[in-house]
Amino acid sequence: MLSCPQFSITVQPPSSPSPGRATEQQCLNLLHSTSSLPKLLQALAFLLKSGLHSNLLVLTRFAAAAGFLGPVATATAAALLFSPCYSPLHLYDSFLLNTVLQSLSPSPLHPLSLFSLMLRLRLSPNHFTFPFLLKAIAALPSPLPAASLVHASALRFGLVRDSFVQNTLIHAYAAAGGVAALDLARKVFDETPKSSPVTFSAMIGGYILSGRSNDAVALFRQMQLTNIRPDDVTILTILSACVDLGALDLTEWLKSYIERVKIPKSLYLCNALVDALAKCGDVDSAMEVFDEMPERNIVSWTSVIDGLAMHGRGVEAVQVFEDMKNTGVEPDAVAFIGVLKACSHGGLVRDGRRYFNSMTREFEIEPRIEHYGCMVDLFSRAGKVEEAMEFVRAMPIKPNPVIWRTLIAACRVYGRLELGEKVTKQLIKEEPLYGSNYILLSNFYALNRRWEKKWEIRKSMEGQGMRKVPGFSSFELNGEIYEFVAGGEKKKLSQFQEIYEMVEEIAKKLKGAGYMATTSEILLDIDEEDKEDALHWHSEKLAIAFALLKTPPGTKIRIVKNLRVCGDCHSATKFISKVYQREIVVRDRSRFHCFKDGICSCKDFW
DNA sequence: GTAGGGTTAG
């Protein structure tokens, strides 16, 4: 038997039945026209007064109507349906409970409560029950236990081969996230006899939700080998994996696929495409798609603004923001994040300040921590470290670690070592369990040449089993994503020897061209074992070396990184772009860097 | 009466 949380809802008992009773038809008509909670409550009163609360058809219609109106209405319906003072439980059928289940998410009722009621009443769940049930379960905060219980139950009722059940089961496991749940999802997926785009989308979406975009793309490739065609939802889903990975080739393929097989270009799909193109590095193509959209909403505009911002094209982003306002689209909080980011990455301090002030003055949008973060970044990037500090002090909300890290980066770039050290210590006090914070501090020690201090930190981190977030870079070649990690992992790559030699060759050529390692960022206390962590072997350099080897001369190279570009990689890449006559586009944690002829589009502020 | 989906500071 299922165990589950109990629900308790009370309603007033009905007043004595009034003489003039409404007919069933009248009640159904009223429910049919229900479009708001007050109307539903009116219908409820009507229903009670007429003594129709034990009419199964009316109750079912009532539950369905409530489901349209959201959680409060669902709770109201549940109150009537399950209140002890009515309990016409002997009347209930599977259809009614299915209808309630269908309207459950989100709701204060646990789906398993209803399911167990159903079983208690000896009502057989049918092939409608499980999809409804699993959909509601997928919306729970931690769906895994409920999902496996229901999975077992579906098996018992012999309904696990139903494709709707399978798809929702995959979705529910995927929504749970984590290795174990994803394995369970995959198991159901693999056992599905008749897959459809829905099956694939559910599984692909699961990988993406768990941050495994590589697996998502791999599965998408596998799908292409079948005769199941990706549909609009599959495309929308896989596009977010493209964003994650910066997979431009795949994004462009999807764009032409949409045209070729005439996938309906919904607003959502176009928005996702614009966003993916921009975030994968082709903001001009993103703008073309945007220009051709028959209708646009705030998301479409924000995607373009944000895309331009990431490319440092602040002036254009600001122009698009103004165009948006002129078109009559009111900016929202997210659009402001976009335009503030544009100002910060484009060095437009005055505009940024103006937009920030306009949020409250013109649009009555209360700035959130993200907006304050943008302002701190705006001042920091522009080298106005004092102003950034002052801004943080005057903030009405408590600064969070992101804000501190923004300041710390500014202190490092602008050589404010003492201040940087102080702020880093403050950060560590607030976030003592995050390994990378200690690395920040140890870097300040290194910059000050206080090696003992630096080693102390490294040792204590090791003692506590702490690690920094490992840096990695990736490069897309013939639709395949190659990942590079600094240090030990790289040996896994079969072409390692080749890359190793290429890195050496690059180093030689750069030296010849006058490149010197950025000593302020080399933490030169490296001992023998640690050699592989040296700047030479940063994942980004490995990826570039690989790209130079594998692509024809003159073609553009696109690299994606998970961290910010370090100072030395940045200057080395500038040299490489010149020496090898290659345009190199690097997407890092915060923006795009386009290296060409020895110059970077970020103008060395990042 | 049934399934899979979307922009957010570093």
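Here is how names work: the chains are called A, B, and so on, in the same order as the sequence lines, proteins then strands, and each is numbered from 1.
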_Output the rounded distance in Å from CZ (A:Phe356) to C1' (B:dA9)._
12 Å
*A:Phe336: ring-ring contact (aromatic ring centres under 6.0 Å, His included) partners, not counting sequence neighbours*: A:Phe321, A:Phe363
*So what does A:Asp332 hit on the nucleic acid, given a heavy-atom distance under 4.0 Å: a base, only sugar-phosphate, or nothing?*
nothing
*With A:Phe200 via ring-ring contact (aromatic ring centres under 6.0 Å, His included) - residues at least two apart*: A:Phe189
*asked:* Rounded to whole Å, please give me the gap between CE in A:Met395 and P in B:dA9.
replied: 16 Å
*Got a sec, which residues hit ring-ring contact (aromatic ring centres under 6.0 Å, His included) with A:His311, two or more places apart in sequence or on another chain?*
A:Phe592
*Give A:Ser344 one of three labels, base, sugar-phosphate or nothing, depending on what nucleic acid heavy atoms sit under 4.0 Å from its own.*
nothing
_Among residues at least two apart in sequence or on other chains, which ones pass salt bridge (charged side-chain N to carboxylate O under 4.0 Å, His left out) with A:Asp162?_
none
*Rounded to the nearest angstrom, tell me the gap between atom CG in A:Leu134 and atom P in B:dA3.*
11 Å
*asked:* Under 4.0 Å, counting only non-hydrogen atoms across every strand here, what does A:Asp377 touch: a base, just sugar-phosphate, or nothing?
replied: sugar-phosphate
_Which nucleotide in B:dA9, B:dG4, B:dT7 has an atom nearest any side-chain atom of A:Asp231_ = B:dG4
_Nearest to the A:Phe132 side chain among B:dA3, B:dA9, B:dT2, which nucleotide is it?_
B:dT2
*Indicate, with a heavy-atom threshold strictly under 4.0 Å, whether A:His371 touches base, sugar-phosphate, or nothing.*
nothing
*By centroid distance (under 5.5 Å) and plane angle (under 30°), are A:Phe164 and B:dT2 in a stacked arrangement?*
yes
*Contact class for A:Thr302 (heavy atom, under 4.0 Å): base, sugar-phosphate, or nothing?*
base
*Please work out if A:Tyr372 contacts a base, only the sugar-phosphate, or nothing of the nucleic acid, heavy-atom cut-off 4.0 Å.*
nothing
*Rounded interatomic separation in angstrom, taking CD from A:Gln102 and P from B:dT2*: 7 Å
*At under 4.0 Å between heavy atoms, what does A:Ile369 touch on the DNA or RNA strands: base, sugar-phosphate, or nothing?*
base
*Closest to the A:Ser303 side chain: B:dA9, B:dG1, B:dT7?*
B:dT7
*From the list B:dT7, B:dA3, B:dA9, which nucleotide is the closest neighbour of the side chain of A:Pro131?*
B:dA3
_Measuring to OP1 and OP2 of B:dT7, would you say a side-chain N or O of A:Lys279 lies under 4.0 angstrom away?_
no
*A:Val233 has a side chain; which of B:dG4, B:dT8, B:dG1 sits nearest to it?*
B:dG4
*Calculate the interatomic distance between A:Asp162 atom CG and B:dG1 atom C1'; express it in whole Å.*
14 Å
*What about A:Asn400: does its side chain form a donor-acceptor pair under 3.5 Å with the base of B:dA9?*
yes
*Determine the contact category for A:Asp232: base if any of its heavy atoms lies under 4.0 Å from a base atom, sugar-phosphate if only primed atoms, P, OP1 or OP2 are that close, otherwise nothing.*
nothing
_Please report the distance, rounded to the nearest Å, between OH in A:Tyr207 and P in B:dG5._
16 Å
*Which ones in residues 184-203 of chain A lie close to DNA chain B, meaning a heavy atom under 4.0 Å from one of its atoms?*
A:Pro197, A:Val198, A:Ser201
*Which listed nucleotide (B:dT7, B:dA9, B:dG4) is nearest to the side chain of A:Glu370?*
B:dA9
*Roughly, in whole Å, what's the span from CG in A:Asn297 to P in B:dT8?*
14 Å
*Residues in ring-ring contact (aromatic ring centres under 6.0 Å, His included) contact with A:Phe130, at least two apart in sequence or another chain*: A:Phe115
*When rounded to the nearest 0.5 angstrom, what distance separates CZ in A:Phe128 from OG1 in A:Thr99?*
10.5 Å
*Which of these nucleotides, B:dA9, B:dG4, B:dG1, is closest to any side-chain atom of A:Phe128?*
B:dG1
*Nearest of B:dT7, B:dA9, B:dT8 to any side-chain atom of A:Arg368?*
B:dT8
_If you count heavy atoms of other groups shown closer than 6.0 angstrom to CZ of A:Arg229, is the number above 12?_
no
*Compute whether any side-chain donor of one residue and acceptor of the other, for A:Asp306 and A:Ser303, lie under 3.5 angstrom apart.*
no
*Salt bridge between A:Asp190 and A:Arg186, side-chain N to carboxylate O under 4.0 Å?*
yes
*Within this structure, what is the CD-to-C1' distance between A:Gln166 and B:dT2, rounded to whole angstrom?*
14 Å
